[in-house]
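Quick note on labels: first sequence line is chain A, next is B, and so on, each numbered from 1. Note that these values count all heavy atoms, side chains included, but never hydrogens, waters or copies made by symmetry.
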There are 2 protein chains.
Amino acid sequence: MNASRSPVRQSSVRAHNLALVLQTVANSADRPSRAAISASTGLTRATVSALVDDLIAGRLLTELDPTPRTGAGRPAAGLALTPDGPGGLGLEINVDYLAACVVDLTGVVRHRFVTRADQRLLPPAEALAALGGLAARARAAADADGIELAGAALAVPGLVAADGLVRVAPNLGWQDVDVPALLNLGLPLTVDNEANLAALGELRTDGGTPTFLYVSGEIGIGAGIVLDGELYRGGRGWSGEIGHVTVYPDGRPCRCGANGCLEQYAGQEAVAADPDLAAAALGIALSAVVNLLDLGVIVLGGGYAPEFDRLRDGIDAELRRRVLTAGLAPVALRAATLGPDAAMRGAADVVIGSVRDDPASWLARSRPAQAV
Amino acid sequence: MNASRSPVRQSSVRAHNLALVLQTVANSADRPSRAAISASTGLTRATVSALVDDLIAGRLLTELDPTPRTGAGRPAAGLALTPDGPGGLGLEINVDYLAACVVDLTGVVRHRFVTRADQRLLPPAEALAALGGLAARARAAADADGIELAGAALAVPGLVAADGLVRVAPNLGWQDVDVPALLNLGLPLTVDNEANLAALGELRTDGGTPTFLYVSGEIGIGAGIVLDGELYRGGRGWSGEIGHVTVYPDGRPCRCGANGCLEQYAGQEAVAADPDLAAAALGIALSAVVNLLDLGVIVLGGGYAPEFDRLRDGIDAELRRRVLTAGLAPVALRAATLGPDAAMRGAADVVIGSVRDDPASWLARSRPAQAV
DNA sequence: CGGATTTGTTTATTGGTTGAATTATTTGGC
DNA sequence: GCCAAATAATTCAACCAATAAACAAATCCG
């Protein structure tokens, strides 16, 4: 148990239990009743009722008239997340497109906007201005649906510091771009690495194992490490740079200055040129990850997903050979289920996840002008 | 915020705040007063007083008569951890010795017992029986000091499953040894990998950065990954197997069946034979770790500690070359401060850490026979 | 010696969960 | 068709723990 550094007051108890109830509903396949929530959380029915009342009043839950249950006794009222409560604005900027989407609390993509254009030619401020326009359209669409955006998150193909400063995004040609200063949406904005956010997108859609590695193969190679349902960002937010893990110490020179980086053997071009070489290199690097972190599941996304069948066996062979515990428990390899939208979806999920994880803060917000 | 799966009742609030107060005292360089604790935690003085009363009654804190303070106003009563409260029993079994120690709540090693003998010749049951004898001596010594052992933890050089089952300890010749069944001390027993526990030992003594990698070079090479002050054990508890990270894909064959594992280039023999080669190989593997996990500190322990000066530059060179973010923030390399006792110390620290992190459970224990 | 100052305790209040009793709404048996 | 059993949800008194504010204790300083 890691006792965090802050005191707990009674209101924290309520905040915690509100989150507990909301997440129980969210993670439930069916529509649980108050009594079912009480049974599965250990809270009293009375307490659950009180909490649910708050969540309904705050437009996070709805009671469904048609009760999906049978048996003897008073029928239960099914509870579910509201599709017309708060929503998340997911944004992505990448080499050849801009994208925005609105996801409601239930996780459904309600609106999706994409602009194809080469972003490498533009100064960051212009690219972000264009993205701001897209975001405004998304926001108008959300307003029309009665969805109040709780925040926005932006996926960037680069290293992002904790405050949203993009230190370097090589394929965009960006360096030290202060995104929050250039992209003011009037919403709380989170900026994160695209592989990180794509990993979170996979987490939410999969629903299965909460601990896995997501590897995205584009021009560069990035990875998102999800441990116990949470993204591991590292000390400075620069985790997951698997593209620069050394595979062949004296191998091909990399643009980063080192030799034999994975990126040179399993980047987009390399995969196209020689899938077997790419698979072997990936297998070597992934074995290192599994030996270090004891992950049971690896998800291949981005450009790897469509090539999955061509890569699988080659990767598997290396994993079986090089992972110390491969004999005790095999490593599962899967293709990502989300397509190219993964990062944008993950970004939106981060926003709605923040509401689902801490509904009390959302309910307590100084209610902003509804649908300006 | 990760809302965990359990409900929070009022008693949890108290449990949390008890831990908060106790840890505030533990992490304080001086002897804080109730008022100082109140200021640094945000709890009311009245609340702190009530909590401190409980902790004193439960023999976790003591009030120090000589108050180390000056100024105007009523003098404060200094608070400190009691040296005669609960203690931890740290155990270690390794290739050529058995060891046990008693550490009190303040972190001081009160007693230490070591038996040198080759454990590879013995069946596991016999080795554990001998360890049990050592543990009994340690317990008697603790009793004589008025220390009530809160539990025991055992460091083993091998893969340990969550329930204490040692799946394989190659250098002991163990396979599937059910340690808790063979070593009944009448105390809660934790079994963990030696590198993991040594890492925790370093964490407690260092007190500095809570995120680092501890690498221990013995016959095999193990690593403990400490993230935000907590050991990362991986999905099945088998994290940190850095010894089998591939360094040279087509290199020397390893006893694990793969080729080019770090262990073949930086194990005990390899370091002795060619320190430069070992340093380069370590540097390559450590670069992979840093690229993946964004760690800022690496601690070299075990057999590496005495060789630190010979290894440092070679490792550093590879890190500078191969870590993508080396230019943005350098990686700090350090030798471990704890000697060969690190794992045993870490084991004892785990026990006293469990009391410090959750004093409420300790206070609520069905008081066992004192000093049987 | 008396005011200022800081520490620690006492007391009434508040917020939030609990448990038991109560009300509500269905199924099923006679 | 009506009553018993069963299940769902709400109401209400009790309790637990933190809070705020007043109060008591112990020292320094002028």
Pick one: which of R59(B), R139(B), R365(B) meets salt bridge (charged side-chain N to carboxylate O under 4.0 Å, His left out) with E148(B)? R365(B)
Working to the nearest 0.5 Å, report the span between CG of L18(B) and CG of L60(B). 9.0 Å
No-hydrogen, no-angle side-chain donor-acceptor test under 3.5 Å, D358(B) and S361(B): yes
Using a heavy-atom cut-off of under 4.0 Å over every strand shown, decide if R34(A) touches base, sugar-phosphate, or nothing. sugar-phosphate
So that I can tick it off, tell me whether R110(A) and D145(A) are bridged by a salt bridge, with the cut-off set at under 4.0 angstrom between side-chain N and carboxylate O. yes
Nearest-angstrom distance from the residue atom [atom1] of [X] to [atom2] of [N]:
{"X": "L20(B)", "N": "dA17(D)", "atom1": "CG", "atom2": "P", "answer": "16 Å"}
{"X": "D54(A)", "N": "dT10(D)", "atom1": "CG", "atom2": "P", "answer": "12 Å"}
{"X": "R74(B)", "N": "dA25(D)", "atom1": "CZ", "atom2": "C1'", "answer": "5 Å"}
{"X": "R45(B)", "N": "dA18(D)", "atom1": "CZ", "atom2": "P", "answer": "16 Å"}
{"X": "I37(B)", "N": "dT7(C)", "atom1": "CD1", "atom2": "P", "answer": "12 Å"}
{"X": "H16(A)", "N": "dA17(D)", "atom1": "NE2", "atom2": "P", "answer": "17 Å"}

Taking the side chain as every heavy atom from C-beta outward, state whether L197(A) and L231(A) have any pair of such atoms under 4.5 Å apart. no
V297(B) vs T211(B) side-chain heavy atoms within contact, under 4.5 Å: no
Taking only N/O atoms, report every protein-nucleotides 11-17 of chain C pair under 3.5 Å with atom names and distance.
{"from": "dG16(C)", "atom 1": "N2", "to": "Q10(B)", "atom 2": "NE2", "distance (Å)": "2.5"}
{"from": "dT17(C)", "atom 1": "OP1", "to": "N17(A)", "atom 2": "ND2", "distance (Å)": "3.3"}
{"from": "dT17(C)", "atom 1": "OP2", "to": "R14(A)", "atom 2": "NE", "distance (Å)": "3.4"}
{"from": "dT17(C)", "atom 1": "OP2", "to": "R14(A)", "atom 2": "NH2", "distance (Å)": "3.3"}

Any residue meeting side-chain hydrogen bond (donor to acceptor under 3.5 Å, both in side chains) with D53(B), in chain and number order, not counting sequence neighbours: none
Write out the stems for DNA chain C, ordered by first number and formatted as range with range, counting runs of at least 3 consecutive Watson-Crick or G-U wobble pairs under 3.5 Å. C:1-6 with D:25-30, C:8-30 with D:1-23
Which nucleotide, dA8(D), dT7(C), dT25(C), lies nearest any side-chain atom of P75(A)? dT25(C)
Does D163(A), at its CG atom, have more than 12 non-hydrogen atoms belonging to other residues, nucleotides or ligands within less than 6.0 Å? yes
Does S49(A) have a side-chain nitrogen or oxygen under 4.0 Å from the phosphate oxygens OP1 or OP2 of dT10(D)? yes
Show the numbers, then the answer: is there a salt bridge (Lys or Arg N to Asp or Glu O under 4.0 Å) between R34(B) and E63(B)? CA-CA 10 Å; R34(B) 292 166 174 77; E63(B) 223 168 33; 2.7 Å; yes
